There are 2 protein chains.
Amino acid sequence: MRLSKRERQKKLKLALEAEPFLTDEEMARRYGVSIQTIRLDRMELGIPELRGRMKHMAERNFDHVRSLYPEEVIGQVTELKLDQSGVSKLEIREEHVFARNRIARGHHLFAQANSLAVAVVDAELVLTATASIRFVRPVRLGEICVAKAHVTHVTPRRTQVDVRTFVEDETVFQGIFDVYRSKEDQ
Amino acid sequence: MRLSKRERQKKLKLALEAEPFLTDEEMARRYGVSIQTIRLDRMELGIPELRGRMKHMAERNFDHVRSLYPEEVIGQVTELKLDQSGVSKLEIREEHVFARNRIARGHHLFAQANSLAVAVVDAELVLTATASIRFVRPVRLGEICVAKAHVTHVTPRRTQVDVRTFVEDETVFQGIFDVYRSKEDQ
DNA sequence: TACTGATTTAGTACTTGGTACTAAAACGTG
DNA sequence: CACGTTTTAGTACCAAGTACTAAATCAGTA
């Protein structure tokens, strides 16, 4: 047995997210198991057959063309005082959550905080160097995250930005970003 | 002859633009002709079969949306040992970088590492609690990031996962993820 | 009216990527 | 060793076709 059942199923699931057009045959070949095993796996995982997956994707494309562009700042910036502070708002939508439990994936909260931290720093080139973060409580579909950033420390090449994200009055995320910058005021 | 051949074919073409998911059978029924006639029509018009049309739409949708849409794991998982280790690969494309300097936005590297950390943990519910991260050097457009995750510590409700991301042999990102889990082995 | 070419229909064999089901084998662990 | 789990094998069947052959029908005309 090269892979345990659980591992194979997890990989299978992950592989299909990246490449939804794999046939059972191809997957069987990849994992060195029989086609029946793959089918049992799909059944257990509730993954539909190739044609079902294609149809679903085609339909989604057909009835509403996606318009999710990569934004400069994740979320909407509502306040901004360069080198001082900033606020951004992000509504947790379908595309931000795990399908299973409708809890927001951590990296979206991180992205909101990180891009805000970078946005408040006024320099030509701004890059995050290190960060220490805490996901205080899970955020659910529909909740609105308000991230508040404050610059706390400035050295010649670094700026420290503290970000705290709230849902209503509750802190849900907290992060300290150490941001590198260069060519300031050019 | 209720409709001339030309008229039928013209209608058919228009109908398929509005409703691409029609089967030959349904179209035959609609126009009161045999299924073979519809097939001849499609051939003359160069219209592919239903499955081909669906596949085409799904593919177009996939290419367009793939990077913006939530994948289970950001990047492609190449190795996975549950509760032990995992490896994922992510090519830095246009949509990952700042337009200005073509350097990858930090949150994409974070997302790759974070989602891999979550994927290696084998439990029903897995959420990142805290993380300490370091962006060791900027990553540029075209570079391929290989993230390697290792479970370093396990307690009843928490798993610590260390992730290091490389471009070639160079470390570009480093993170320690403290991951919360529940309903293990149920 | 009979003929002719275009159009339509019928029917068969075969394809892909499956489902649904039964049954046998192999594995792995107390 | 026995027993449950996991894997494999194999069959019948399905949708929605392709590819092909052949017959029937129609429409206009010689």
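No experiment lies behind these values; they were computed from the predicted model shown. A, B, ... follow the sequence lines: proteins, then strands. Residue 1 opens every chain.
As rounded to whole Å, 11 Å separates atom P of C:dG18 from atom NZ of B:Lys55. Between B:Gln36 atom CD and D:dA22 atom C1' there is a gap of 12 Å when expressed in whole angstrom units. If you take CD1 of A:Ile38 and C1' of D:dT6, they are 13 Å apart, rounded to a whole angstrom. A:Glu44 places its CD atom 14 Å from the P atom of C:dT19, with the value rounded to the nearest Å. We find that CZ of A:Arg53 is positioned 11 Å from P of C:dG17, with the value rounded to whole Å. Straight-line distance from the CD1 atom of A:Ile35 to the P atom of C:dA20: 16 Å, rounded to whole Å. A straight line from CG of B:Leu50 to P of C:dG18 spans 15 Å, rounded to a whole angstrom. Atom-to-atom, CG of A:Leu16 to P of C:dG18 comes out at 10 Å; the value is rounded to the nearest Å.
Here B:Thr37 reaches the OP1 or OP2 of C:dT9: one of its side-chain N or O atoms lies under 4.0 Å away. Side-chain nitrogen and oxygen atoms of A:Arg39 include none within less than 4.0 Å of the OP1 or OP2 phosphate oxygen of D:dT7.
We find the CZ-CD1 distance between A:Phe173 and A:Ile133 to be 4.5 Å, quoted to the nearest 0.5 Å. Residue B:Glu79 holds its CD atom at 10.5 Å from CG of B:Leu116, rounded to the nearest 0.5 Å.
With D:dA15, D:dA9, D:dT7 as the candidates, the nucleotide lying closest to the side chain of B:Arg51 is D:dA15. Checking D:dA16, C:dG17, C:dA10 against every side-chain atom of A:Thr23, the shortest atom distance belongs to C:dG17. Proximity note for B:Arg8 (side chain, C-beta onward) versus C:dT8, D:dT7, C:dG18: the nearest is C:dT8. Here the nucleotide nearest the side chain of B:Leu40, chosen from D:dT18, C:dT8, D:dT8, is C:dT8. Comparing D:dA9, D:dG17, D:dT7 against the side chain of A:Lys5 picks out D:dT7 as the nearest.
A donor-acceptor contact under 3.5 Å is not formed by the side chain of A:Glu25 with the base of C:dG17.
B:Arg6 comes within contact range of no nucleotide atom at all, as no heavy-atom separation falls under 4.0 Å.
Smallest separation of non-hydrogen atoms from A:Leu90 and A:His108: CD2-O, 4.3 Å.
The shortest side-chain heavy-atom distance between A:Val163 and A:Gln112 does not fall under the 4.5 Å cut-off.
A:Arg53 places a side-chain N or O within 3.5 Å of a backbone atom of A:Pro48 that can act as its donor or acceptor partner.
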